[in-house]
Amino acid sequence: MSDADTNNPFLPEDRADGPIPDELVDRFFDRELDDSARAGFMRRLDDDTRACERVAKTNRILTMLRRGVGAPDLSDSILDRVDRVRGFVPPSQRKLVRFGRLAVAAMLFGVIAGAVIVQRRAPEVMELAGMPTPVRDVARAAADEADGLVRFALPTRLVRHEANTSLDSERSMWGPRHLDAESQSVVSWSWSPAAACALDREATGVDHALVLVGGRVVLIGNTDDLRPQQASLAPVTFRARVSLPSVRSGGLRELP
Amino acid sequence: MTRQEEVRLIRLAAAGDRDAAGVFIKAHQPALFAYLLRMSGRPDVAEDIVQEAFVRVLSNLDRFDSRFRFSTWLFTIARRLYLNACMKHKPTYDTDIVGALHTDRELPEYSVIGGEVQENAKDALQAALLQLSPEQREVLVLFHQLDWPISIIAQHLKMPEGTVKSHLHRGRRRMRELLERTEQGRQTVSEVWIS
């Protein structure tokens, strides 16, 4: 059924002498009937007193509803409140505000354009410095870690010294070692010689201190000469355990 | 007000033009006030919400999306303020039993209007409107008083068009019944006086 048909109240079922269906009345008040359908509807009302009365009453109610209510003029109080919240700007100042906005936009555009040009012509200027971080700075950054660094530096250097001595001849025999040295801060530790050797090769210098700092291994070429190129930070690649047993005598011996 | 004129005024008001904001208020104030008065039945509530809605809208004009109708935005904010006011004044019951005893008064606006509803309802029409469900009343006011199309009302109330129509039909029928009853009551009273 087309729209024209649905709007037509003179379809056979509606043309019957019976009363006008409520649906049709609703569609009339919903403004869904076109002009011809409305005219037909009005004609049918002449024959249906009950529907006519119903439509008249509803129409009267809706007319009353459409009648405007006297609204007070609240514009001044509203504008005053808005003025307090955001502030209205007089026309003369509005030009200044617009000019200011344009100036800020132009400045931003200029800065971005300048940055792009510099980036294209001299990219090195825009690069961030890629300086290596000296171990000294790292050590200073965390007081606890720095304490540990100083405390372990000497004994571990001893360990490395002795380890290097015996490394050439007894490489295959390397395993967990225990050191008793004279220092009060002597450490007992175990390490993997293969990993130590690997680290050894990467670092320069002979006299290394291997220190465990915050879960990382720090290789220091010489504690008196902490040059950045001789120091490196590497993640722990082997298991190491550091403890502080009571100190009695020096020398390396096999752990039980 | 044409759409172009509306957009132009919004731009001016957003830039801080007091006169443009004033034109806006004068153009939309009567309809918004009528809507809120019909919804609440209380001129003081309607006035407060009209003011608050305009202040919010005019303070946030830069957020307005010009693809939509300004009036829809304004009415949405006003409606939210009205519902918030209803919720704020809604009485809380100690027990559900007590609440259940008052089920016939659980409509939020009853709390706002309270016992003053009938006193403040100046005419039978308003009294009848206040006896409709909030949805029926709102749809009736928006469609017949403010001439909003069904599709916009559906969008505004976030309900399908069929539901809007259903509320509209029931609301009209109920209004007719209520006003007929009022009329009969008046006739009865006058008959008693005459006899």
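Letters go in sequence order (proteins before strands), and every chain restarts at 1.
- With no hydrogens or angles considered, a side-chain donor-acceptor pair links His169(B) and Asp30(A) at under 3.5 Å.
- Using modelled atom types, no side-chain atom of Gln51(B) and backbone atom of Ser77(A) make a donor-acceptor pair closer than 3.5 Å.
- Most heavy-atom pairs under 4.5 Å with chain B, from the set Arg31(A), Met64(A), Arg66(A): that is Arg31(A).
- No side-chain heavy atom of His144(B) sits under 4.5 Å from any side-chain heavy atom of Ile61(A).
- Neither the backbone nor the side chain of Arg84(A) comes within contact range of chain B; no heavy atoms are under 4.5 Å apart.
- Contact of the Leu74(A) side chain with the Ile25(B) side chain is not registered, since no non-hydrogen atoms from C-beta on lie closer than 4.5 Å.
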- Message: Applying side chain to side chain contact (heavy atoms under 4.5 Å, CB included) to Lys57(A) and Leu179(B), what does each step give before you reach the verdict?
- Response: CA-CA 9 Å; Lys57(A) 277 182 181 168; Leu179(B) 287 169; over 6 Å; no
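- Contact annotation for Arg56(B): neither backbone nor side-chain heavy atoms come within less than 4.5 Å of a heavy atom of chain A.
- Nearest approach of Leu129(B) to Leu65(A), heavy atoms of both residues: CD1-CD1, 3.7 Å.
- Both the backbone and the side chain of Asp147(B) have a heavy atom closer than 4.5 Å to some heavy atom of chain A.
- Inter-residue side-chain proximity for Pro72(A) and Phe33(B) is flagged as met; some heavy-atom pair is nearer than 4.5 Å.
- When each of Thr58(A), Asp26(A), Asp22(A) is paired with Arg173(B), the side-chain hydrogen bond (donor to acceptor under 3.5 Å, both in side chains) condition holds for Asp26(A) and for no other.
- Contact annotation for Asp80(A): both backbone and side-chain heavy atoms come within less than 4.5 Å of a heavy atom of chain B.
- Residue Ala13(B) touches chain A through its backbone alone, counting heavy-atom pairs closer than 4.5 Å.
- Among all heavy-atom pairs drawn from Arg172(B) and Leu62(A), the shortest one is CD-CD1, 4.2 Å.
- When all heavy atoms of Ser75(A) and Lys26(B) are compared, the pair lying nearest together is OG-NZ, 3.2 Å.
- In this structure, Arg176(B) does not pair ionically with Glu53(A), as no charged nitrogen and carboxylate oxygen lie closer than 4.0 Å.
- Atom CG of Asp35(A) is surrounded by 12 or fewer heavy atoms from other residues, nucleotides or ligands within 6.0 Å.
- Considering all non-hydrogen atoms of both residues, Phe143(B) and Phe29(A) come closest at CE2-O, 3.5 Å.
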